[in-house]
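Input: a single structure, listed below in structure tokens.
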There are 2 protein chains.
Amino acid sequence: MFQIDPLSRIPIYEQIAEQTEKLILLGLLLPGDPMPSVRSLSVELGTNPNTIQKAYSELDSRGTICSVPGKGCFISKDAKAVLEKRAKQRLGQLYTLCESLKLAGVTMEEMTDTVRQVFGKGDGNT
Amino acid sequence: MFQIDPLSRIPIYEQIAEQTEKLILLGLLLPGDPMPSVRSLSVELGTNPNTIQKAYSELDSRGTICSVPGKGCFISKDAKAVLEKRAKQRLGQLYTLCESLKLAGVTMEEMTDTVRQVFGKGDGNT
DNA sequence: CAACTGTACTAACCGTAATAGTACAGTTAC
DNA sequence: GTAACTGTACTATTACGGTTAGTACAGTTG
């Protein structure tokens, strides 16, 4: 379910959180779906239960999942809406990155071309 | 010359390196210009000389500055070219970010608009 | 009651950033 | 040559965050 790279500079708990939210956006995890239990996922990934709990508590505080003591953790009802709303705010990151690239001589065309490639409209030759 | 945030998650030595390269791209630091000495900058920024040295050795290995024992550190002759070349490779970062935003429902138009804003062509009303 | 769930807590280990202090070699100007 | 600067190297120490380890407690389910 998750692919963890223990050697990455990105903390394991953050990798889990990111991948969970990606699965939600892809529609592979739907509202109400149960997350693996803290202990079972720790066994599956070969990590410590505390690390999983940290990922889950992070996701819970973001509103992505709902932790229910005694029952489990479940995908939040409005998880997708929450994630899409956050993405709009992340346009600021895009602005900052482009600003930096512009300063280093990358042209507007190179950037817009990159955006188009993401949307499968790379060069217009098709 | 530099504005350091000791509370930032970004290491001090990296902040110095980043800001140095930004000053070069802005044309405020020209090839041959001397960098502040390790000791004087450490006093100015209130940091440890070792931290400055780490920033300088990082910049030296990137080809941004040239460290000359006994004389000082100077902006590399082709510093700007090096930085511009690196920027082209950083288009991959842009691609990854846009990919993530796309997944979260951000439209291509929202992204290209952001790019245009960076180049001062925000809404076409002017 | 038994087996599961999330949660809380302390202790320990490790890597990295940063500080502190010392030392050495090259350059420059007097 | 000496003094004052320059970069460089090295060890030791502190601090913090990520991770592991182990234990414990409360709620849920069958």
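Every chain is numbered from 1, with letters handed out A, B, ... down the list of sequences.
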Treating [X] as the side-chain partner and [Y] as the backbone partner, does any N or O pair qualify as donor plus acceptor under 3.5 Å?
| X | Y | value |
| --- | --- | --- |
| S40(B) | P36(B) | no |
| E99(A) | V118(B) | no |
| D60(B) | S67(B) | yes |
| T112(B) | M108(B) | yes |
| Q15(B) | D5(B) | yes |
| S76(A) | G63(A) | yes |

Interface with DNA chain C, restricted to residues 37-45 of chain B and to heavy atoms under 4.0 Å: R39(B)
Does a side chain donor of either R90(A) or S100(B) reach within less than 3.5 Å of an acceptor in the other side chain? yes
What is the distance from atom CG of L91(A) to atom CG of D113(B), rounded to the nearest 0.5 Å? 9.5 Å
What's the [atom1]-[atom2] distance between [X] and [N], to the nearest Å?
| X | N | atom1 | atom2 | result |
| --- | --- | --- | --- | --- |
| I16(B) | dA17(C) | CD1 | C1' | 12 Å |
| Y56(A) | dT5(C) | OH | P | 10 Å |
| R9(A) | dA17(C) | CZ | P | 9 Å |
| I4(B) | dA18(C) | CD1 | C1' | 13 Å |
| I52(A) | dA21(D) | CD1 | P | 13 Å |
| D5(B) | dA17(C) | CG | P | 16 Å |

Between protein and nucleotides 10-19 of chain D, map the contacts as a letter string: B base, S sugar-phosphate only, - none, heavy atoms under 4.0 Å, written 5' to 3'. B-------SS
What N/O pairs connect the protein and nucleotides 25-30 of chain C at under 3.5 Å? Give each pair on its own line.
{"from": "dG26(C)", "atom 1": "N2", "to": "G70(B)", "atom 2": "O", "distance (Å)": "3.3"}
{"from": "dT27(C)", "atom 1": "O4'", "to": "G70(B)", "atom 2": "O", "distance (Å)": "3.4"}
{"from": "dT28(C)", "atom 1": "OP1", "to": "K71(B)", "atom 2": "NZ", "distance (Å)": "3.3"}

OP1 or OP2 of dT7(C) versus the side-chain N and O atoms of S57(A): is any pair under 4.0 Å? no
Can you name the residues that form a side chain to side chain donor-acceptor pair (under 3.5 Å) with S57(B), not counting sequence neighbours? none
Does K88(B) have any side chain to side chain donor-acceptor pair (under 3.5 Å) partners at least two apart in sequence or in another chain, and if so, which? E110(A)
Enumerate the side-chain hydrogen bond (donor to acceptor under 3.5 Å, both in side chains) contacts for residues 17-31 of chain A, please, sequence neighbours excluded, ordered by first and then second residue. E21(A)-R62(A), E21(A)-T64(A), E21(A)-R86(A)
